[in-house]
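Encoded as structure tokens, the structure appears first; notes follow it.
Per chain, numbering begins at 1; letters A, B, ... match sequence-line order. A quick note: this is a predicted structure, and the numbers were derived from the prediction, not measured. As a basis for the values below, the full set of heavy atoms in this structure was taken, side chains included, without hydrogen atoms, waters or symmetry mates.
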Amino acid sequence: MSLDSLTDLVSNAVGVLILLLLVTAIQAQKPFNEPPLPIEHQSGLVPAFFYVHGDHIQSIDINAVFTNGLLAATEGDSAAEFQINADFTGRSDELLTLALRPIDTDNWPTFNELQNVDTPLGSVVRDIDAATTFAFLFVHDTGSAESFRLLSQARRWFLDQGIAVGWLPVSDNNPAWLCSWSDVAACQYSPGAYGRGTRG
Amino acid sequence: MIDSRARHELKLELFPFISLFLCVIGVLAFLQNLMVMGEIGSTEEAEAEQAQIFQTPYRVDVYPGNILLSPPASDLSERLPDLALDERAGLDAIERGRNTILTIGGFNLDLTVEDNQGVLGVLFNEIVTVNRLAESRGYPYEEYVLLVVHPGSTDTYHMLRAMMEQAEFRYLRVGLDIGDGTRPQ
């Protein structure tokens with residue numbers, strides 16, 4: 001056999017192997033489609049908070065919450081309700097916890113704006129680094145299924161983006177709270193589903 | 001004349017050697033990629049296996065004021081086959097109780113009745129017992145409480161979570177899922 005024939009043979013074989021490699025690589029890039037188990041679990045991820053109320057969803061600016069909370073505590077009655085921003089009021093609770101109440105929710109963004117990076121809410125989501133942060137949703141239970149429907153959509157969507165999700169149902173009697181005591185169970189915000197690459 | 005032909009036949013071409021060299025590099029790169037991808041695949045499969053096969057939900061549907069308990073379908077004797085006699089007897093009793101609950105379509109509990117909170121404690125203790133047995137015998141099996149929260153049941157949910165903060169239940173894994181408000185027929 002001449003050297004040219006041998007070269008031809010080997011080149012063809014390598015060509016086929018490269019094609020196989022491409023197919024395998026494309027398959028490996030497919031998202032992990034198995035339905036995640038909704039188990040709460042510890043992780044090193046930091047929560048990015050959102051609040052779902054009916055058909056509306058809003059992000060919670062933690063800096064504004066604690067800055068205004070601190071100002072309210074130093075200026076006057078620490079137990080009184082204070083305005084955090086246009087979307088929430090807050091009240092200091094025991095264990096240095098802030099209880100949040102939503103206001104004016106009819107003007108809040110909807111699920112479509114969550115998906116759109118050109119909106120303020122969408123840009124908050126765009127800035128989430130899935131390697132360090134997960135989405136935690138407070139879901140206001142009004143008794144109807146609206147909030148739960150939106151939660152279901154948002155949870156699926158966050159998981160599709162590779163972002164882990166945790167959530168907590170809240171109500172008028174059991175409002176959303178924010179605190180940072182790592183040894184208090186109520187302050188441990190956890191992802192509640194195994195998203196791809198997000199296990200702690 | 002002969003010398004000139006001999007020199008011509010000995011002339012080496014560069015192309016076949018470069019081609020072979022590139023082929024070898026290509027094959028080595030392919031093998032390396034294959035090994036790396038195999039490693040990633042096996043990690044994902046192992047995680048999926050651990051997450052989906054061995055962790056079994058004890059479903060608790062949370063409705064306004066009451067809960068509906070649905071234990072996992074009974075296969076404890078298969079999951080934990082080799083036990084001491086007294087352990088087996090305890091597990092069999094748990095299985096019989098669970099089968100009864102499954103036969104009647106779940107166990108409905110009004111959480112506002114104080115005695116029922118004790119009943120719930122007994123049922124959750126069964127999960128703790130099963131998990132402890134599995135762990136002590138090295139069986140890869142764990143039950144967790146899957147709370148399915150239906151619209152309007154948030155206050156009941158918080159009451160239930162407060163009860164689960166008791167020391168003996170604190171280490172039970174808890175899952176949280178979204179209910180659509182429907183009740184089983």
Side-chain angles (χ1 to χ4, degrees), chain A residues 2-18 20-22 24-25 27-28 32 34-41 139-153 155-156 165-175 185-186 190 192-194 196-197 199, chain B residues 12-13 15-20 22-27 29-34 36-38 40-41 44-45 47-52 55-57 62 64 142 144-159 161-162 164-165 170 173-182:
Chain A
S2 75
L3 197 59
D4 279 353
S5 309
L6 187 66
T7 308
D8 193 34
L9 207 70
V10 175
S11 307
N12 285 341
V14 170
V16 170
L17 288 177
I18 289 172
L20 279 174
L21 174 69
L22 285 173
T24 322
Q27 277 185 341
F32 186 66
E34 295 296 329
L37 281 178
I39 300 180
E40 295 173 352
H41 59 283
V139 181
H140 197 105
D141 184 2
T142 54
S144 71
E146 283 174 333
S147 298
F148 286 75
R149 263 199 300 269
L150 177 51
L151 164 67
S152 193
Q153 279 181 307
R155 186 173 69 164
R156 183 70 265 161
V165 185
W167 66 283
L168 182 77
V170 296
S171 65
D172 292 336
N173 295 329
N174 290 285
S190 311
Y194 288 149
R196 182 159 55 108
R199 293 186 66 177
Chain B
L12 291 173
E13 286 186 32
F15 172 74
F17 290 101
I18 293 174
S19 176
L20 268 176
L22 290 176
C23 287
V24 170
I25 289 181
V27 170
F30 173 74
L31 288 176
Q32 190 195 13
N33 276 319
L34 216 59
V36 169
M37 276 190 290
I40 292 169
E44 272 194 6
E45 278 167 22
E47 282 190 3
E49 195 175 336
Q50 189 190 359
Q52 287 166 20
Q55 288 179 312
T56 306
V62 185
E142 184 186 19
Y144 69 97
V145 180
L146 177 62
L147 301 175
V148 182
V149 183
H150 293 270
S153 67
T154 291
D155 293 341
T156 312
Y157 164 81
H158 285 282
M159 187 194 297
R161 286 308 291 259
M164 292 180 72
E165 281 303 310
R170 188 167 282 182
R173 282 182 191 270
V174 177
L176 194 55
D177 213 349
I178 308 162
D180 59 6
T182 55

**Study point:** Single hit among B:Val62, B:Thr154, B:Leu147, B:Thr156 for side-chain contact (heavy atoms from CB on, under 4.5 Å) with A:Pro169
**Key:** B:Thr154
**Study point:** Any donor-acceptor N/O pair, A:Asp141 side chain to B:Pro151 backbone, under 3.5 Å
**Key:** no
Review point. Between B:Leu146 and chain A, which part of the residue has a heavy atom less than 4.5 Å away: side chain, backbone, both or neither?
Key: side chain
Point to revise | Interatomic spacing from CZ in A:Arg149 to CG in B:Asp180 - rounded to 0.5 Å | key: 10.0 Å
**Study point:** Distance in Å, B:Asp177 CG paired with A:Phe148 CZ, rounded so as to fall on 0.5 Å steps
**Key:** 11.0 Å
**Study point:** A:Leu168 vs B:His158, side chain to side chain contact (heavy atoms under 4.5 Å, CB included): CA-CA, chis, key distance, verdict
**Key:** CA-CA 10 Å; A:Leu168 182 77; B:His158 285 282; 4.2 Å; yes
Review point. Does any heavy atom of chain B fall under 4.5 Å from the side chain of A:Ser144, the backbone, both, or neither of them?
Key: backbone
Check your understanding: What closest approach, in Å, do B:Asp155 and A:Ser171 show between heavy atoms, and which atom pair accounts for it?
Key -> OD1-OG, 2.7 Å
